[in-house]
Every structure is written in structure tokens, then in C-alpha cells.
Amino acid sequence: MEFLVQMIGQAVDRIVHGDPTLLATTWRTLWLAFLSTAIALLLGAPLGLLLGEGRTRARRGAVVLANAGLGLPPVVLGVYLALLLLPGSPLGGLRWTYTLPALVLAQTLLAFPLVVALVAAAVRTLPDGLLEQSRAFGASRARQAGLALREARIGVLTAVIAALGSAVAEVGAVVIVGGNVRGQTNTLASTVLLDLSAADPVGATADVLILLVVVLVLGGILTVVQQRGASSDRRALRRRAT
Amino acid sequence: MVADPPVVTAAGPVLRAEGLTVTRGRRVLLEGVELELRRGEVLAVLGPNGVGKSTLLAVLGGLREPAGGRVVRTGRVAAALQAPALARRSVQANVEAALAWWGVPRAARPVRARAALERLHAGHLADRAAQALSGGDARRVHLARALALDADALLLDEPFAGLDAPTRAELLTDAASALRDGDRATLLVLHDRAEAWALADRLLVLLDGGVRALGPPAEVLERPPSIAVAEFLGFSGRLDEPGGTVRCLRPAHVVADPEGPLAGIVRRRVPEEDGVLCEVDLDHGRVQLRVPHPGPAEGATVRLRIDGGVRFAREC
């Protein structure tokens, strides 16, 4: 127990004194997570809107696929993406093997079904006829999309935070696609593996502590947003009841 | 190439349906629908549940493509659907959002939204959260934002649905005057004949997959063109008469009279607020009439006279 406390103390010390390698890894991890989530959101939110709004069998089928994508083991995606990026493979011409762009691509692909499924689910909870009514009053497609995202904002934000959280914590795909090259393609989560294999438990603990802080901050933001939404709904319901 | 903007003249229809076929999924709901909506008029569409009233409104409003025929619009058409579907923001912001969708410049929206709310006596709700409104207030706001658009043609789908009687009566009174403002053409899908009486210049009855009556309410309600339309419009009594004719009767056409020429047996009685609605079997038909409380018992014999009604050839 004493050993554990000492190790945590040393890890905190390393964080507080701004170990440059640790800072660089943290920055890279956050940059990767935010960039891949932004791309996934840009591509996935319109699709989620389309699927959430529609009632056809094809759209329901697509939602089932997106939901299934939530359970896709990152390692599976990592293996196939790594193979596709090998020289001579369809994406080999990009020369992305063991590079940051490959990591962005992997994390975007992992976040994409998450964003699609959660945005579609959020849009399905909108009041009946809201979007059709806006169309009946002349709203363009862009305005309808803006209205849907605004009204379903809690669900959309949940999707964003879930995507960020999974990107920050991702190990399997990062190691396979990015190679976990120290100083180039390693992230906080994957560095834990490097540090442990290099017999540096203090470094691994520091990585874990920063990861925990990031995840806690993201979770905190999500909780605040959800509680604000819920309490504004409760206030509205109380006013209606009186 | 940019199309010329539509020219709206006072005389011509703002909206015209030509041989319209309306479907829901693969099911054909309405066929051969022809109608014109003119400036300054209020046209009420009545029909039983499931006949396709709301689907027709969606087609006329451009929200759905017709399966056949065409809709000619010579002005801008707005449709207020049945569910108020207000966004999670204040009432004022909801009306302003509708104005934004309609293309009204930002600077003009607050004043126009406020005026529309005031016109429907909903100004005091402007700062309230839309999700905090009662059903009646939500409908009032929904109607106000539809009127705020100042469309050339306004299509309203059951604007009084689901309201309790006093709220409905209040909104009906306010709507009756608000709908008369300006020279907009208005089409109302309604469920209740009384609402049509209160609001409409012309009445269109949809039955059995098509338009079965079209004309001023008094004309259609007093002289329906067929037995089916008459029955839908509340002619609940039916008597077979000599010469192969059928007389359709509303309860108001049947009077309890001890000296009356007809005698019948009370089959059913439904107590109401102002009397008792009795269903009476006669030798050649069945009629309904209202009598004061307590009214005759079931199985009792009553004497009646007929005072009005509409005659049809039996096959009509």
C-alpha cells in the first residue's frame, strides 16, 4: 500500500512539474480525440438526423447497423484498417502506416457509429411533427437541421462526449494502426503499455491519473448539461401543472 | 433560368387541386379531388376519421407529393399541422422562429410575432416556455404563429382538436375573427360540424374516397346531396316512404306529439345535458329525437310527427 501511495505521489510530482514528454503525449491525445470527434460529428450528425427523422425500413435498418457499430471491438477495426493501409493495399498509396493521420482515421471510424446512433436516438425523441411543421412553415433543409440539433442538443452533446471519452481511452486500434511509436503516435492510454514494458510504473501512473482527470471532466460536463436540461423540463412541467 | 414570381390576383384561386389522388402507403385514400381555394374565403373540410383529410392537407401544402393529379399554387401556402409541435424555447421565440423559416427579415420579426400573439389574446404568454403551456394555450400559440406568417393561403389541420369544451369555445370565437382579417385564403380540416358552421364560407365533405359535397354550409348541411353525406352530417333518422323515397331526418326534424300521426317504440335513450336523446323504431324506419327530462322509458310507445328532413330516391 505504501508503495502505491509513493508511486502516486511521484506521478503527481511528475505531472505538476510539467514533464515535457507527458505534456506532449497529453496534447497529442486530446488533439487526436477532438479532431476525430469533430470529423465524426461533421459526417455523422447529418446522417443521424436523416435516420432519426425517417420512418422507412431502410432508415430503421441503418440505425440497427449504427447501433451494432457501437459494439464494434476497436481491435477488429484496427486490424482491418492496418491491413488496408499496408503498401499494396487499397489505402496503401496514402503511406499512413504508423502515422497520426492513420490514428485520426481509426478514431473517426470508431466515433462515427457512436455519433450516428446517439444523434438518431436524440432526434427520435423530438416532439411529433416538429420538423415537418417547420417545413410546412417554409424552413429550408439547413434550418430544419439546425432546429433538430438545437432541440436534441442534450443527446447530441452526449454523443460528442461519448465519442471524446472513447477516443481518449482507446488503446487497441491506436496500437495496431499507429504502432504506438513513443513521441510520435503514442497516446496517454497506449503509453501505459510502453511505460509498463519499460519498467516505469510511475510514468504509467501519471498517464492513468491524467486520463482519469480528462474522463472525469468530460463526465462532469455531460452531467451538468443533462441536469440543466432535466431541471429546465421539470420547471416547465411544474409551471404547466400550476 | 429564374421563374417569374407567382402573380396573385384578387379574383383567381390561390390554390387549386386538379384530379388529385391521395395515398397513404399503397392505399388510395382519395381520388379525383377537385377544389379551389379563393382569396378571402374560409373553406372547411369535413370527413370521418381516416378518410384522408390530413393527408390531403399535407399534399395541398406541398409536404407530400400527390399520387396523381396536380396542385396549382399561385401564392405562398403555409400549413399548420395538427400537433402544435412547439420548440423548447419561449412562445415569442417560437413565433419568431416560424417567421424566420418563412423568410421574414430579422428586424421585423419581434413586432410581427407580438402582434400575432396579441391578435389571438396570447400576448401574456410571450415570455413563457412553450413546454409549460397548457393544451389550449399551445393551440392558441400554434394558430397565432400560423397567422403571423401572413401567407396567401393558410391550411389548418384540426386547430381545435383535443380541447375541453370551454377552451374550445373561447379559441373558436377568437379564431373566427382572426381568420377574417385580410384577404387570405384559409382551408380548415375540421372534425366537428359546429366548428364548420362557426367558421366556414364553404364546406367540403370527403367520404368514401372522394369529394361528396361542396358548397355553403347552410346549403350542404340542410340539403345534403346524398344519403351518405346526410348520415355523416347528423341526419341520424331514416324513414322509407311510399313511392320509393327515403326521408333522412335530424333529431330536430322529429317532434314528440301526443296527436302525431306516427307511433313508435323507444329502443334506446341517452340522457344529455338539456334533455334525453331517444332512438325510436317506427314501422318503416328508425328516428332520433330529443325530449325534455325525464323522457319516455325504453320500450314505451311514443307518438311523433315529422317536421322537415330531406328526401332522396332510394338508390341515392
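Numbers restart at 1 for each chain; the letters A, B, ... are given by sequence-line order, proteins then strands.
For the pair Glu96(B) and Arg106(B), the salt-bridge criterion is not met [side-chain N within less than 4.0 Å of a carboxylate O].
Looking at Gln144(A), neither its backbone nor its side chain comes within 4.5 Å of chain B, counting heavy atoms on both sides. Residue contact with chain A, scored on non-hydrogen atoms closer than 4.5 Å, is absent for Ala58(B). Contact of Ala100(B) with chain A is made through backbone and side chain together, with heavy-atom distances under 4.5 Å. For Leu81(B), the parts lying under 4.5 angstrom from a heavy atom of chain A are both the backbone and the side chain. For Ala80(B), the parts lying near chain A are the backbone and the side chain together; criterion is any non-hydrogen pair under 4.5 Å. Residue contact with chain A, scored on non-hydrogen atoms closer than 4.5 Å, involves the backbone of Leu86(B) exclusively. Ser134(A) touches chain B through backbone and side chain together, each having a heavy atom under 4.5 Å away.
Counting heavy-atom pairs closer than 4.5 Å to chain A, the top-ranked of the candidates Gly61(B), Ala98(B), Ala87(B) is Ala87(B).
By the 4.5 Å heavy-atom criterion applied to side chains, Arg150(A) and Arg88(B) are not counted as neighbours.
Relative to the ring axis of Trp102(B), Arg109(B) does not place its NZ or CZ within 45° and under 6.0 Å from the centre.
Asp157(B) and Ser54(B) are linked by a side-chain donor-acceptor pair at a separation below 3.5 angstrom, with hydrogens and angles left out of the test. Between the side chains of Thr191(A) and Asn186(A), at least one donor N or O sits under 3.5 Å from an acceptor N or O.
Applying the 6.0 Å contact sphere to CG of Asp128(A) captures no more than 12 heavy atoms from other residues, nucleotides or ligands.
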